[in-house]
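Step one of this worksheet: look at the structure below.
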Amino acid sequence: MTREVVWDHGVSLPGHRLWLDPLVVRSFAFISHAHTDHARRHKEALLTPQTLALIPDGRRPRGWRMLGYGEPMRRGEGKVTLHSAGHMLGSAQLHFEHDDGSSLLYTGDIKLRQARAVPETFVPKANVLILESTYGRPHFRFGDPDSTVEAIALWCRRALDGNVTPVLLCHALGKTEEVMLALAPYGFEFALEKRCAPCARDYAAAGRPLPPWVELNGDPVPGRVVIAPPVGKDEIRRCLGRYRTALISGWAKDAEFARLFGADATFDLSDHCDFDELMDVVERSGADQVYTVHGYTEDFARSLRKRGVRAWALEKNEQLALAL
Ligand SMILES: [Zn+2]
């Protein structure tokens, strides 16, 4: 039993009493990062200090075991080590090394290529890889992050020069703050829609100071770059005069999806891996068994099989037990 991985509303290593981002409340579970689709009120959670700081009070686990990157922790017949996943502040991959030499890597949401001269995300070696495959179709190929940031900065500058307010549509937690940091060298001042403001405060409190910003309060904000979530633009319509919107998301690569948001422009800056980066994660891990979770799981597993990698979409397996 100690060598099993099981899928049941989440991945578990039953022999080691460890759940990985389970969708239902468990007694001991790893929370890979603070996005609400992963945070549950588990009895005890394993997470990084930054992830704990970014989880809103109402969603916090009842107890926790904080673990920094690279600090090994004994669990069952092996050890657990967390590594940065490059997805947002505090996001972590979980590496489980069994005492018999076998190993498993669970990526959580992961991003390899970083802007701002931040080194690429390190991928530990493992026999078994459980990989998020949000953008697991080949048409999701994103531009170089630094060039995209430069294009966003130029788009904002042109709007401001024409007395038009640039509005960047970004998810409130993670994307908003990372975009602010990426644009900081260009000297912009920011105004955040009210849903983004608490996340920005938490980000700064969790150890990543942000460039100066004010909260949108119904008054015009001339000369500032506005950041707002992609859905619900009522407040923007109410208080901004002339404005233009740009969707900042990997979904920019999907014309139909981009149209849904009704943005004037799109930029493919993502906090997830694109198709090629997902392939890179698989290669760097050296894994000979890959399980995909989230997004285009079937498509990406099929693409891996075509390249000779043993891969399966995990959601389709009601119960999965494999050697670890
Ligand atoms: Zn996420």
Side-chain angles (χ1 to χ4, degrees), residues 9-11 19-24 29-42 45-56 58-61 69 82-94 105-115 118 120-121 123 129-137 140 142 145 168-182 195-196 198-200 202-203 206 208 227 229-231 247-254 257 261 267-275 277-278 281 291-297 300 314-315:
H9 296 90
V11 182
W19 286 86
L20 309 175
D21 279 333
L23 302 175
V24 290
F30 169 59
I31 299 177
S32 65
H33 65 291
H35 281 149
T36 50
D37 52 337
H38 294 267
R40 295 287 183 279
R41 292 181 58 77
H42 303 299
L46 174 68
L47 34 57
T48 65
Q50 295 90 344
T51 292
L52 182 65
L54 290 173
I55 295 176
R59 286 184 168 273
R60 283 202 161 185
Y69 298 137
L82 306 185
H83 297 274
S84 170
H87 172 64
M88 65 177 288
L89 182 61
S91 66
Q93 311 171 69
L94 181 143
L105 178 67
Y106 171 70
T107 63
D109 286 1
I110 185 169
K111 174 69 180 171
L112 283 189
R113 293 185 295 166
Q114 305 287 328
V118 175
E120 281 201 352
T121 302
V123 179
L129 173 67
I130 302 169
L131 174 67
E132 69 109 342
S133 52
T134 301
Y135 293 119
R137 279 186 174 171
F140 289 107
F142 308 146
L168 304 180
L169 304 176
C170 301
H171 285 292
L173 180 57
K175 181 61 79 61
T176 291
E177 294 75 22
E178 295 301 328
V179 165
M180 288 171 79
L181 288 164
R195 287 168 290 170
C196 297
C199 300
D202 289 348
Y203 231 71
R208 194 160 290 178
I227 303 186
V231 285
L247 175 69
I248 315 292
S249 169
W251 293 108
K253 283 289 174 217
D254 199 306
F257 210 91
F261 290 105
F267 294 98
D268 61 4
L269 190 71
S270 179
D271 46 16
H272 290 268
C273 287
D274 69 3
F275 183 83
E277 287 170 277
L278 288 172
V281 173
Y291 295 89
T292 54
V293 290
H294 301 306
Y296 294 113
T297 50
F300 194 68
L314 203 46
E315 274 99 329

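We use all heavy atoms of the structure for the numbers below, so side chains are in, but hydrogens, waters and symmetry mates are not. Every number for a ligand or one of its atoms is a count from 1 in the order of the listing.
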**Steps toward side chain to side chain donor-acceptor pair (under 3.5 Å) verdict (His87, His35)** = CA-CA 10 Å; His87 172 64; His35 281 149; 3.2 Å; yes

**Test item: side-chain donor near acceptor, Tyr203 and Gln50, under 3.5 Å** = no

**Message:** Any N/O/S atom from Asp109 (main chain or side chain) under 2.8 Å of the Zn ion (ligand 1)?
**Reply:** yes

**Request:** Among the N/O/S atoms of His87, select the one at the shortest distance from the Zn ion (ligand 1) and name it.
**Result:** NE2

**Prompt:** For the Zn ion (ligand 1), which N, O or S atom of His35 is at the shortest distance?
**Reply:** ND1

**Request:** May I ask you to test the Tyr106-Asp21 pair for a side-chain heavy-atom distance under 4.5 Å?
**Result:** yes

**Request:** Please report the shortest heavy-atom distance between Asp268 and Phe142, naming the atom on each side.
**Result:** OD2-CA, 3.5 Å

